[in-house]
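For reference, the structure discussed in these notes is given below.
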Amino acid sequence: MFRKVLVANRGEIAVRIVRAVRESGVASVAVYSEADRASLAVLMADEAAYLGPAPASESYLCIDKIVDAAQRHGAEAIHPGYGFLSENSEFAEACEAAGIVFIGPPAAAIRQMGSKTAARKLAIAAGAPVVPGTESAIDNLTNAKETARRLGYPVLLKASAGGGGKGMRRVDREADLEAAIRDASSEALRAFQNGEVYLEKLVLEPRHIEIQILGDRDGHMIHLGERECSIQRRHQKVIEECPSPVMSEHPELRQRMGEAALRIARAANYYNAGTLEFLVDRDRTFYFLEMNTRLQVEHPVTELVTGLDLVQWQLRIAAGEGLTIRQEDVRWSGAAVECRIYAEDPDRQFLPSPGQITRLTEPAGPGVRLDSGVYEGWTVPLDYDPLLAKLAVWAPSRATAIARMKRALADYTIAGIRTNCAFFAEIMDDAEFRAGRLSTAFLDEFFARRKVHEPALETEAVAALAAALAQRKPTAAPSTAPTSQWLQTGRETLLR
Amino acid sequence: MFRKVLVANRGEIAVRIVRAVRESGVASVAVYSEADRASLAVLMADEAAYLGPAPASESYLCIDKIVDAAQRHGAEAIHPGYGFLSENSEFAEACEAAGIVFIGPPAAAIRQMGSKTAARKLAIAAGAPVVPGTESAIDNLTNAKETARRLGYPVLLKASAGGGGKGMRRVDREADLEAAIRDASSEALRAFQNGEVYLEKLVLEPRHIEIQILGDRDGHMIHLGERECSIQRRHQKVIEECPSPVMSEHPELRQRMGEAALRIARAANYYNAGTLEFLVDRDRTFYFLEMNTRLQVEHPVTELVTGLDLVQWQLRIAAGEGLTIRQEDVRWSGAAVECRIYAEDPDRQFLPSPGQITRLTEPAGPGVRLDSGVYEGWTVPLDYDPLLAKLAVWAPSRATAIARMKRALADYTIAGIRTNCAFFAEIMDDAEFRAGRLSTAFLDEFFARRKVHEPALETEAVAALAAALAQRKPTAAPSTAPTSQWLQTGRETLLR
Amino acid sequence: MAANRSGDTVAVKYEILIDGKAAALSVAVERFEYRREGCTAIERDYSAAPAGDGTWSILIDGRSYAVAILGAGEVSVNGRLFHVDVFDPRELRGRRSAADHDGPQAVTAPMPGRVIRVLAEPGQEVAAGEGLIVVEAMKMQNEMKSPRAGRVAAVRTAAGATVSAGDVLLVIE
Amino acid sequence: MAANRSGDTVAVKYEILIDGKAAALSVAVERFEYRREGCTAIERDYSAAPAGDGTWSILIDGRSYAVAILGAGEVSVNGRLFHVDVFDPRELRGRRSAADHDGPQAVTAPMPGRVIRVLAEPGQEVAAGEGLIVVEAMKMQNEMKSPRAGRVAAVRTAAGATVSAGDVLLVIE
């Protein structure tokens, strides 16, 4: 095992990895931008290295600064987390060139899977089904229009270098195609320094289900089953679970998708942890979408049902140890659900809500796992993704897991900024969600059918009473100046 | 299932039960004394009932007040938790008499096991080995001296109604017997309103291992394996784990003790959850000690390795549901360790440290379970047991669990009062503990061999620097007036 | 108890705007009255105990409410959110009229962030819903659209500028 | 940074009592010197960033220290506890002499709690280690023993009394 590992990331995932490194008896080095000087990861790590100003382009995306930090601190390996440089093959190569182990797959596999079009070709060659679409990036509008007509609207624009829904646009009519290509391409350029976009047939109301795989450098590879990630907003997952409700009804689907995933990963000579994303339509036909050549945000739900620690396995595999788990050893027990806690306002089109956390009370107790990157007094920077924490629960059954999640959400208090906790509590009560009838259209449909239940008048009165009491106790609440501003802005927004 | 359940307890266990009740879709009623008006359990429960002044004798020990509260609030059942009235057969009878379900075993079993001497007789009849000692309570000094001589010193004085080490004394010489009986008896009287004490041979350096059992009202009963609880101070468990290191080496012992436990419990016509405590000597000979006819403080370690929720099963069984788990269904996976976080000062003979918690940062993340009864700003009353929270961890192996516990302890910050967190961190590093060489003498031996490792001078300097910086920021630390007083007292104590 | 500590013995009256609905609250020592438009008023005895900074345990007839003041007018009661503003009458009237005047109208930043693009110039005629300014925060872009048809009277920001929630970015007349 | 904010540009000197050992600390802007009895002094550049109330992140040459002020002179550094008192020189001298005088000596409560029994009377001769008073808190009894042989000069409490840590319960002379 390594003696020292540098964690090239920030926020909750940096904390999660620092913890795994510590639990493996290895020293950890956190990195930080100006905005993250006192981040939780910096507090928890054994060492910390300054990268640069707040913008990621000057800190967390700087290959040279990170490799230099690893060398200065004598780190033998670098864990990239997710996002930032995690799927950047130049970074993986730069690490190896500097004699530092990149904790992830080989650079070649990252590059191949990093191009969605190349990944599609590989999957087709490996005999895995893919969504109909172009094999290559859009070069000019005429060809694009032609392809779109061939596939038939609606179509989906996606960034070749993409991920996390950035550079992605649904296009319903040819008239919108040009503008959509412009926006998607410029967004992709900003996000991935690569403006290439391509076209895909839009599969209607599919489930988004992904397969976790894990392999060692000697070619032994297994799958750890699926994660249902259909509940998304702006192509960003917000709720994930394992098992997928559809797998509970049709267990053979897990095996079939698991085998398809392994075929594709083997074709790429893959090792370490990776995830293959699929769309599953109403007939349970599945299409390979893309491969994420890194740890996923939602990996905890897999850890909760399998009892395996993916990050600790990533470390062991990168250190050259063999994967000692055989496919038949993998057991899926109970049900896990995860909610992504974002600094955003679900009542106002999920607008980001950075700022200082003035008070924090976190959920705990039986079956609750919280992976958080914040603390009371921390100021959530506006420079990065709004993910504050991942709240995951495990229970013997999905129904109990949902009840437990509801309980945990009610125990979660984050003051000073807006979060989506109360929004998740509503979803936990939604009949469609409880029935496991999920698709990527879930949230749109939810908002359509959503009716805010009139609270008991006494409950409402208590809210008013507390607000009045708080006014008498200046210490209790922040100045109400921002209040009026926010609410006014809110009302205007709603008028639009 | 019930519609509403009253939780007749306080602190972390009241919170844990309220959570289980909520997750079962049942309404909860918390109870509170004057000292607990704003307790975490009151905050979390759907309803709350006032019992009386702070002293337990005027609140949590008042059968009539609690039964009355349950009736006023329309609760169909009462969960007693542990301690207080949990092993009081009159309470169980009073509930049934009032038409309220007592969530626990039948009153007869409580009464029978409540008298240690009766329990011994039952165990002997059931063919389970017991520690040599008297069958009956001490009536006069002469007989006591005679018995002690027969058993041979050292002997152990124990309260017939006892539990948690109250009214317990080790006696090494006849000269000390009289004083020991007086102290033990008066302590027992205060704790249990019953001054009866009896004599037992002291088994030297035994392991304290207990077996968890669970049975329904139709006579189906299973055991959920053991908990190793050897690490105790003042006969109070402080660290518990499952599996016991001795079981890992000798798996057949779990089965043998499990069967003995079931024999005894069946002989008492027991149902619901219960625990049978045994002493295990160096040759792995085990002796039945006593039965706790209630939920144990340390139940989480069993839940973590078996995946079963004991409190939710207690509710179902009390509601008349059958126990659907067969003995062969029970699986023990991985390793769990629990530390009892007390408001006490381990550097000063574990003196209690009540007071206000000025800041609280709780551990979380993979494999960490925290059952806590406190929050930031809460004032820990001096009227009750000093247990603040139970920190439990699960991991695939005992070694990883220990590393994880160390990590979690480092992430735990409780300001304003003293706790034993740093003390536990030391034990996690202890070679004997890591080797699993445990006995009830563990802590005494630990203190004997304990050497405080000189910190790096830079680390010490950082402590001084921070204290100096804090002085410039009055907000950061409480006034230093108490400081000097504490430290002075501390020095005097150490001079004694 | 909170009411006690604040030391007043007669009822204090507040005008409340709760999730957009107007209400009147009158708080005396451990007793309050609440009348909300369209509902019959309720009167209750209550006990309020502080439970950490910005948090209270409120008991009404044995029912337990855990209340947290989240700031920015947000109040959580047993995990349910309410947007509450507490005013004195004059302030409230002032607010309400502000909503429905139709002179020049400000387009304000809905969130803290950075201005990515300004899509309109002073003097330009814009249609209702036409894009005016793109603000980015936390990797999310948000296009400010014109609240109504009109003319751009002034642009108060520029590409690259950092803005706070509520800042006026542009004025339509 | 904390040093910066406190606004002083010259070094500030402190006398420290840390886990019973005396030390001298001199703090300048982002640089400190620490000399503890029996060790060679160390001098370091540091960065201190506040990380929530009473908590700091302190970086020294890339090494990260999470520091929490726990109150009552207790400081936690990466989970390790230190008992630290910060004095000015005069106060410190006063303290030290206090330890080893042999006039009347106070027996103080080691913890907040209630007095269960008083075992000695004024005027009574007591031996070193003889039990004087029993205090109970959180279900635990603690017997205060005589620090030395002597005579009970005064009893300052009674059975049933509630006491705070450090209260003088009894005086031996």
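Every chain is numbered from 1 and lettered A, B, ... according to where its sequence line falls, protein lines coming before strand lines. All of these numbers come straight from a predicted model, not from anything done at the bench.
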Are the side chains of B:Cys421 and B:Ile341 in touch, meaning some heavy atoms are under 4.5 Å apart?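 Side chain of B:Cys421 against side chain of B:Ile341, heavy atoms only: contact under 4.5 Å found.
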Find out whether A:Glu298 and A:Arg340 are in side-chain contact, i.e. whether some heavy atom of one side chain is under 4.5 Å from a heavy atom of the other.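 The answer is yes; the side chains approach within 4.5 Å.
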Taking every non-hydrogen pair under 4.5 Å, which of [options] racks up the most with chain B?
options: A:Glu303, A:Arg404, A:Glu376; answer: A:Arg404
options: A:Arg22, A:Gln312, A:Met44; answer: A:Met44
options: A:Ala364, A:Ala20, A:Ser372, A:Ala403; answer: A:Ala364
options: A:Asp371, A:Leu43, A:Val311, A:Val15; answer: A:Asp371

Is it true that a side-chain atom of [X] and a backbone atom of [Y] form a donor plus acceptor pair closer than 3.5 Å?
X: A:Arg434; Y: A:Met428; answer: yes
X: A:Asp36; Y: A:Ser39; answer: no
X: B:Asp46; Y: B:Ser28; answer: yes

Which bit of [X] comes within less than 4.5 Å of chain B, counting heavy atoms only: side chain, backbone, both or neither?
X: A:Pro366; result: both
X: A:Thr400; result: side chain
X: A:Glu12; result: neither

Could you have a look at B:Asp411, B:Asp309, B:Leu360 and say which one has the most heavy-atom pairs with chain A under 4.5 angstrom?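 The option with the most such pairs is B:Asp411.
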Tell me which of these, B:Glu362, B:Lys406, B:Arg16, B:Lys390, has more heavy-atom pairs under 4.5 Å with chain A than the rest.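 Answer, by heavy-atom pair count under 4.5 Å with chain A: B:Arg16.
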Distance-only side-chain donor-acceptor flag, B:Thr302 / B:Arg227, under 3.5 Å: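 Per modelled atom types, B:Thr302 and B:Arg227 side chains form a pair under 3.5 Å.
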Taking atom types as modelled, is there a side-chain donor on B:Arg316 or B:Thr324 under 3.5 Å from an acceptor on the other?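 The answer is no; no qualifying pair exists.
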